[in-house]
Amino acid sequence: MHYTIDCRNTSEHILNITLHIEQVDTPVVDLQLPAWRPGRYELSNYAKNILSVRSHTTNQEPLFIEKITRERWRIHMNGNTEATVNYEYYAQQMDAGNSWLDENLVYINFINCLFYVTERMDEPCHVKLLFNNSYTVGCGLKAIEPYSLYAKDYYELADSPMMASASLQHYTYHIDQIPFHIWVQGGEGMLNWEKVLEDFRQFTEVQINTMGEFPQRDYHFLLFLLPYQHYHGVEHRNSTVMTLGPAEQIGHSLYEELMGLASHELFHAWNICTIRPKELLPYDLTQENYFPTGYVAEGVTTYYGDLFLARSGFFDPSRYYAEITRTFNRHFMQSNAARLSLIESSFDLWVDGYSAGVPNRKVSIYHKGALAAFILDMEIRRSTNDQKSLDTVIQLLWQRFGKSGIGYTHDDYIAIAEEVAGHSLKDYFAACITGTEPLQNYLANVLAYIGCVLQIFPLVDKPGCVEILITPVQENESREKWLQNTSAISLY
């Protein structure tokens, strides 16, 4: 597939897109615009941003094209073997999952705006970018020439956002000869980049040491520092987009937010981008892809994102206890009385997972998912006298399912957790994953193993909800092992 994206209509924020299709041997060609994007498991409506769609032959003769569903168009080829499609896309939504075009910046999530030809998603894709100015481009795709990008197939293209501007900042650090790029738009002069690079390098090194290897040849952090309040991140195969603001606070109150978001998104390079639920292999971009392990994809990642910051030394122990208390309280104070279990809420991401929804209906797979991950970590450590942990579970998921690309099921996750613990975890899964009973007493029990106590304060104005406080009360060897920076654990 050959795409040209003309980014020069900045005043109207219009991307003028051309798709050239070759070697057609069918009477019709169906063009599909994705109905959702990986990293956000709900249906989107990118088609609302398309202004017009036209098609013609190589001789400029019009081809009849009709819209047959909300996101699908059909070209009638009339015996031709090639077709060109021209259309316009309105790019004016700034967050980590959409696209933006103005006189200073081009930011495109290709999955928002590039059609694919059904049945031909495995073909290589070339993208040529046309700019008004001399821009620097940040992207996880291979550049085959200036302003031309290459993807081995549409899946890679759709999972590789790009940013470009004349003022794009670029910084790099290396771990084991793997380059990690930080591309930054905005916030000039507001960060001490020597410190930033060292902090990024340290949590990256801890993650790689824990997992044993990095799943990609390179990695790209695409960071937008915005002038207004904002917080969003989206994971991709070898990159992430992060939007934070207000930029004036990035060197102060927002710095911990930047580090937490970056650590979380980087761990997704393993957990979901390569250690992927079987239901998401391959992605079906035309409809919902229901899967019950959203709490593993996001909850485990939320738990580890901050734990890696503690293990890297960015958080001292007291600061980390405060951080996990804050994360757990987002569950206990908001959805402790919810009717849906964690596994039901994972499935229902496609229903209302990213909105407030009906009071007391669902739980957050991020916050309760992190709580469940912590409890499982402590259960395994207690069962094995700290010889194994949730680290071991994630390592085995990587070795058995991530590296092979075969995808894991919910039963696989349960089986590996029980294998590592050395006994049945039926009670854990019944209480924390499939059950809806409050977990504060369960949490208090496992905290005792690492020498911490849990204080619980009922919320008068929110029946069933509580506020908690985690406090270490004595020196504890297990707690030290949990927080220490270790290399990859020997699996067996």
Side-chain angles (χ1 to χ4, degrees), residues 1-22 24 29-35 37 44-67 70-75 80 82-95 97-117 120 123-139 141 143-151 154 157-158 160-166 168 185 222 241 285:
M1 299 295 114
H2 296 270
Y3 303 87
T4 299
I5 306 179
D6 190 333
C7 308
R8 294 175 293 192
N9 189 355
T10 58
S11 62
E12 295 184 307
H13 317 292
I14 298 293
L15 298 171
N16 290 283
I17 302 172
T18 301
L19 166 61
H20 186 63
I21 308 166
E22 301 174 329
V24 178
V29 171
D30 282 357
L31 304 176
Q32 178 73 39
L33 191 68
R37 60 173 175 79
S44 300
N45 187 14
Y46 305 129
K48 71 181 185 299
N49 296 321
I50 291 182
L51 302 181
S52 63
V53 183
R54 304 166 301 279
S55 184
H56 58 82
T57 68
T58 54
N59 296 323
Q60 301 300 313
E61 297 176 358
L63 290 172
F64 177 61
I65 185 169
E66 60 179 330
K67 192 171 186 180
R70 188 174 74 164
E71 290 104 3
R72 183 170 291 198
W73 286 255
R74 176 167 292 164
I75 308 171
N80 291 282
E82 296 186 16
T84 299
V85 182
N86 303 104
Y87 61 103
E88 299 166 311
Y89 188 87
Y90 183 70
Q92 195 68 359
Q93 183 171 339
M94 173 51 73
D95 58 30
N98 284 280
S99 299
W100 179 273
L101 174 66
D102 65 20
E103 63 274 13
N104 299 312
L105 173 67
V106 178
Y107 161 49
I108 305 174
N109 272 277
F110 296 121
I111 198 166
N112 300 162
C113 60
L114 295 188
F115 291 136
Y116 63 87
V117 177
R120 296 178 66 174
E123 295 185 12
C125 299
H126 297 80
V127 178
K128 183 177 182 180
L129 301 163
L130 304 178
F131 301 126
N132 282 325
N133 304 304
S134 178
Y135 277 178
T136 298
V137 176
C139 184
L141 290 176
I144 53 178
E145 58 184 60
Y147 305 151
S148 291
L149 304 173
Y150 171 83
Y154 186 85
L157 176 65
S160 302
M162 59 79 62
M163 62 194 300
S165 81
L168 191 63
Q185 181 67 22
L222 278 58
V241 179
L285 298 175

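All values derive from a computational prediction rather than experimental measurement.
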Problem set entry | Shortest non-hydrogen contact between Ala47 and Lys67, atoms and distance |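 Taking Ala47 first and Lys67 second, the nearest heavy atoms are CB-NZ, 4.4 Å.
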
For this session: Could you pull out the closest heavy-atom pair between Glu103 and Tyr135, with the gap in Å?
Result: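 Heavy atoms only, the tightest pair is O-OH, 3.3 Å.
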
Exercise. In a check of side chain to side chain contact (heavy atoms under 4.5 Å, CB included) between Leu101 and each of Ile14, Val106, Ile5, which one passes?
Worked result: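 Answer to the side chain to side chain contact (heavy atoms under 4.5 Å, CB included) test with Leu101 among Ile14, Val106, Ile5: Val106.
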
For the residue pair [X] and [Y], establish whether any side-chain heavy-atom pair is separated by less than 4.5 Å.
X	Y	result
Tyr3	Phe110	no
Arg120	Val24	yes
Arg72	Gln32	yes
His126	Met1	no
Leu149	Leu157	no
Trp73	Ser55	no
Met162	Leu129	yes
Leu15	Tyr90	no

Problem set entry | Chi angles and distances behind the side chain to side chain contact (heavy atoms under 4.5 Å, CB included) call for Ser52, Ile50 | CA-CA 6 Å; Ser52 63; Ile50 291 182; over 6 Å; no

For this session: Determine, stepwise, if the pair Ser99 / Asn112 fulfils side chain to side chain donor-acceptor pair (under 3.5 Å).
Result: CA-CA 7 Å; Ser99 299; Asn112 300 162; 2.8 Å; yes

For this session: Please lay out, stage by stage, how Phe64 and Glu66 fare under the test side chain to side chain contact (heavy atoms under 4.5 Å, CB included).
Result: CA-CA 7 Å; Phe64 177 61; Glu66 60 179 330; 3.9 Å; yes

Exercise. Which is it for Leu130 and Lys128 under the side chain to side chain contact (heavy atoms under 4.5 Å, CB included) test, yes or no, and what are the steps along the way?
Worked result: CA-CA 7 Å; Leu130 304 178; Lys128 183 177 182 180; 4.0 Å; yes

Nearest 0.5 angstrom please: [X] [atom1] to [Y] [atom2], how far?
X	Y	atom1	atom2	answer
Ile108	Cys113	CD1	SG	5.5 Å
Tyr116	Ile111	OH	CD1	9.0 Å
Tyr154	Cys125	OH	SG	8.0 Å
Gln92	Asp102	CD	CG	7.0 Å
Asp30	Arg74	CG	CZ	4.0 Å
Cys139	Leu222	SG	CG	7.5 Å

Exercise. Is the backbone N or O of Glu82 less than 3.5 Å from a side-chain atom of Asn80, with the two atoms forming a donor-acceptor pair by type?
Worked result: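 Checked: no pair found.
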
Exercise. Looking only at atom types and distance, does a side-chain atom of Thr57 sit under 3.5 Å from a main-chain N or O of Asn59, one as donor and one as acceptor?
Worked result: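 Answer holds: yes.
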
For this session: Compute the ring centroids of Phe115 and Tyr87, then answer whether they are less than 6.0 Å apart.
Result: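 So the answer is yes for these two rings.
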
Exercise. For the side-chain hydrogen bond (donor to acceptor under 3.5 Å, both in side chains) test, which of Asn86, Thr84, Thr4 pairs with Thr18?
Worked result: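 For Thr18, the side-chain hydrogen bond (donor to acceptor under 3.5 Å, both in side chains) check succeeds only for Asn86.
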
Exercise. Do the side-chain N and O atoms of Ser165 and Asn104 include a donor-acceptor pair separated by under 3.5 angstrom?
Worked result: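 Not at all, the side chains of Ser165 and Asn104 share no donor-acceptor pair under 3.5 Å.
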
Problem set entry | Side-chain donor-acceptor contact under 3.5 Å, Asp95 with Gln93 |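 Yes, because at least one side-chain N or O of Asp95 sits under 3.5 Å from a partner of the opposite role on Gln93.
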
Problem set entry | Candidate pair Leu168 and Met163, rule side chain to side chain contact (heavy atoms under 4.5 Å, CB included), full reasoning | CA-CA 8 Å; Leu168 191 63; Met163 62 194 300; 3.5 Å; yes

For this session: For the residue pair Trp100 and His13, categorise the inter-ring angle as parallel (less than 30°), tilted (30 to 60°) or perpendicular (more than 60°).
Result: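 Trp100 vs His13 ring planes: tilted.
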
